[in-house]
Trainee: 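One structure, pasted below without further comment.
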Amino acid sequence: MNKTFTQIWNNCLQIIKDNIPESSYDTWFVPIVPIRYLEDVLTIQVPSPFFYEYLEEHFIDLLRKVLRRELGTNAKLEYSIVVENNPINKAQHKSYNLPGKSIGNIASQQLNVTNQHNTIKNPFDTHGTKKLDIDPQLNVNYTFDNFVEGDCNRLGKSAGVQIALNPGKTAYNPLLIYSDSGLGKTHLAQAIGLEIKERFPEKIVLYITAYNFQSQYAESVINNNRNDFMHFYQMIDVLIVDDIHEFAGKEGTQDTFFHIFNYLHQLGKQLIITLDRPPVELNNLKSRLLSRFKWGLTADLQAPDYETRLRILQKKVYNDGMKIETEVLEYIANNVKTNIRELEGVLVSILAQATLNRRDITLELTKQILGKVIGRIKRELSINYIQQTVCDYFKIEVEVLKSKSRKREILQARQIAMYLSKEMTDFSLVQIGAELGGKDHSTVLHACKTIKNLINEDENIKNYVTDIERQLKY
Ligand code: ADP
Ligand code: MG
């Protein structure tokens, strides 16, 4: 029953292929090369660190299931990453292993989050160490230097810089950073942490995702060492908690975090928190915790404009030591508008394809690849993007769309935005209403019915809706 690693991986691929869109499969799975299978660990080679992150972020559940099915519950995945400075000539070839952070034993993995190639120790494990040396769990690439500034993020960035100069001593405590996904929350929050560590090496900085905080807490309850857990967090000088909306409904975790928050805040320690929506929209978070968030500054990160998108691409290309024609970058910046993670994803896909097929990165190749990738992006339309497209179409401002204005054109545009959000995404009526300046779900329902009827009765409306729909789908 000794299967080779190639057989194992081919079996996995068959299942994966049936479960994801073809374009995703082509982009993210075809380039993977299996390289070994040893003691329950399957090692696969991926073309870049970004590739690895993308897989972990988007396909980890699928990979986990498939691998367990193929190899049993002890299966682990390891990545080997090819680092190539020059994508066309396979000149420099270096590879290193990153332990798969999400596959395998969940309990041990949560405290073993890996940023680079070193594994991080259980942070509670402070016994015997006199001087605390806690790994801040920061990704060294997420610096201020690498964070391109634009109108979209200026407030957050400048608050971040001031905090880094004077942690805990500014009015920005806590600092809350919110945005849709992929717009730089994690990067900015970590940049602040890195800068503080650079300026004040003696300060204890810790980055933790809300998800990991929550599971550490749950574990501490099971192991009966909740006090150790509290004490550990009370020692931190700069605590960064990412994606705090994950605390929704987790009351025990919220209470514990509330105490830690108060304790640290009283001592003038810095708290940095990220979330995926404005704090007022955090249902299921206890109000006493929410009220604490008002003490500091709330900064939102918007989708970047064209100029900023282009500068982000240029920076990334420069940092990776690549050379790509400006017209190619301009084309990408023009076509990938919603989020920075996608922007980077597209760049990596193009790079991967060019490397694998030994082709130059031309505008033509870029258009081909983008055609595929955009299909995938569009399937994940955001409400914001739909609103923006509707507003562009009718030449009105998004604020006006979200306002209470009952002017006929505005009302109609708003109803069309609601209708399309319902038809083209999986968001609920409540979510759609909330994103449109806090309309309630019955308003959204009414809008959907109205537009549905009008499409059959009014040729103009029908044309508007089909036009916009086409734009959204490309
Ligand atoms: P979020 O946490 O909001 O989902 P991330 O911080 O993970 O978003 O950002 C997604 C990707 O985009 C990361 O690779 C990050 O480095 C990059 N990124 C985000 N904002 C910027 C920026 N202003 N300049 C350069 N890269 C950015
Ligand atoms: Mg994030």
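Side-chain atoms are counted along with the backbone in the values below, which use heavy atoms only and exclude waters and symmetry mates. Both ligands and their constituent atoms are indexed starting at 1 by order of listing. Here the structure is a predicted model, which means the values were calculated and not measured.
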Trainee: What part of Asn339, side chain, backbone, both or neither, has a heavy atom within less than 4.0 angstrom of ligand 1?
Mentor: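 Asn339 to ligand 1: no contact under 4.0 Å from either part.
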
Trainee: Would one find an N or O of Gly182, backbone or side chain, under 3.5 Å from an N or O of ligand 1?
Mentor: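 So ligand 1 has an N or O lying under 3.5 Å from an N or O of Gly182.
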
Trainee: Output the list of atoms in ligand 1 that are nearer than 4.0 Å to some heavy atom of Asn146, sorted by atom number.
Mentor: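 Counting from 1, the qualifying ligand atoms are 24 (N), 25 (C), 26 (N).
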
Trainee: With no hydrogens and no angle check, do the side chains of Asp180 and Asn339 hold a donor and an acceptor under 3.5 Å apart?
Mentor: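 No, no side-chain donor-acceptor contact under 3.5 Å.
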
Trainee: Which bit of Ile312 gets closer than 4.0 Å to ligand 1, counting heavy atoms only: side chain, backbone, both or neither?
Mentor: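 Contact part for Ile312 vs ligand 1: side chain (C-beta onward).
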
Trainee: Would you check the N or O atoms of Gly184, main chain and side chain alike, for any that come under 3.5 Å of an N or O of ligand 1?
Mentor: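 There is such a contact, yes.
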
Trainee: Name the orientation class of the two ring planes belonging to Phe257 and Phe213 (parallel below 30°, tilted from 30 to 60°, perpendicular beyond 60°).
Mentor: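 Taking Phe213 first and then Phe257, their aromatic rings stand perpendicular (interplane angle over 60°).
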
Trainee: Which of the numbered atoms in ligand 1 are below 4.0 angstrom from a heavy atom of Tyr142?
Mentor: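 It comes down to these atoms of ligand 1: 13 (C), 14 (O), 16 (O).
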
Trainee: Which of the atoms in ligand 1, numbered in the order shown and given with their element, are less than 4.0 Å from a heavy-atom of Asn153?
Mentor: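 Within the 4.0 Å cut-off of Asn153, ligand 1 contributes 23 (N).
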
Trainee: Is the Mg ion (ligand 2) less than 2.8 Å from an N/O/S atom of Thr274, whether that atom is in the backbone or a side chain?
Mentor: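 So Thr274 does not bind the Mg ion (ligand 2) by this criterion.
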
Trainee: Hey, which atoms in ligand 1 end up nearer than 4.0 Å to a heavy atom of Leu183?
Mentor: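 So the atoms of ligand 1 that pass are 1 (P), 3 (O), 8 (O), 20 (N).
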
Trainee: When you compare the side chains of Gln214 and Asn212, does any donor N or O come within less than 3.5 Å of an acceptor on the partner?
Mentor: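 No pair is found: no donor N or O on one side chain lies under 3.5 Å from an acceptor on the other.
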
Trainee: When you look for heavy atoms under 4.0 Å from ligand 1, do you find them on the side chain of Glu344, its backbone, both, or neither?
Mentor: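 The side chain, only.
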
Trainee: Could you check whether Asp276 pairs with Lys185 (Lys NZ or Arg NE/NH1/NH2 to Asp/Glu carboxylate O, under 4.0 Å)?
Mentor: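 Between Lys185 and Asp276 there is no salt bridge, as every charged N stays at least 4.0 Å from the carboxylate O atoms.
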
Trainee: Please report the closest heavy-atom contact between Leu301 and Gly184, naming both atoms and the distance.
Mentor: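 So the two residues come closest at CD1-C, 3.5 Å.
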
Trainee: Which atoms from ligand 1 have a heavy atom of Ser181 less than 4.0 Å away?
Mentor: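 Listed by number with element: 4 (O).
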
Trainee: Heavy-atom distances under 4.0 Å are what count here, so tell me which part of Ser179 touches ligand 1: side chain, backbone, both or neither.
Mentor: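 Answer for Ser179: side chain.
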
Trainee: Regarding Gln216 and Tyr233, do their side chains bring together a donor and an acceptor under 3.5 Å, going by distance alone?
Mentor: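 A donor-acceptor contact under 3.5 Å links the two side chains.
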
Trainee: Would you say the side-chain atoms of Gln388 and Asp392 include a donor-acceptor pair closer than 3.5 Å?
Mentor: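 The criterion, which ignores hydrogens and geometry beyond distance, is satisfied for Asp392 and Gln388.
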
Trainee: Please determine, by modelled atom types, if Thr274 and Asp242 share a side-chain donor-acceptor pair under 3.5 angstrom.
Mentor: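 Thr274 vs Asp242: donor-acceptor pair found between side chains.
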
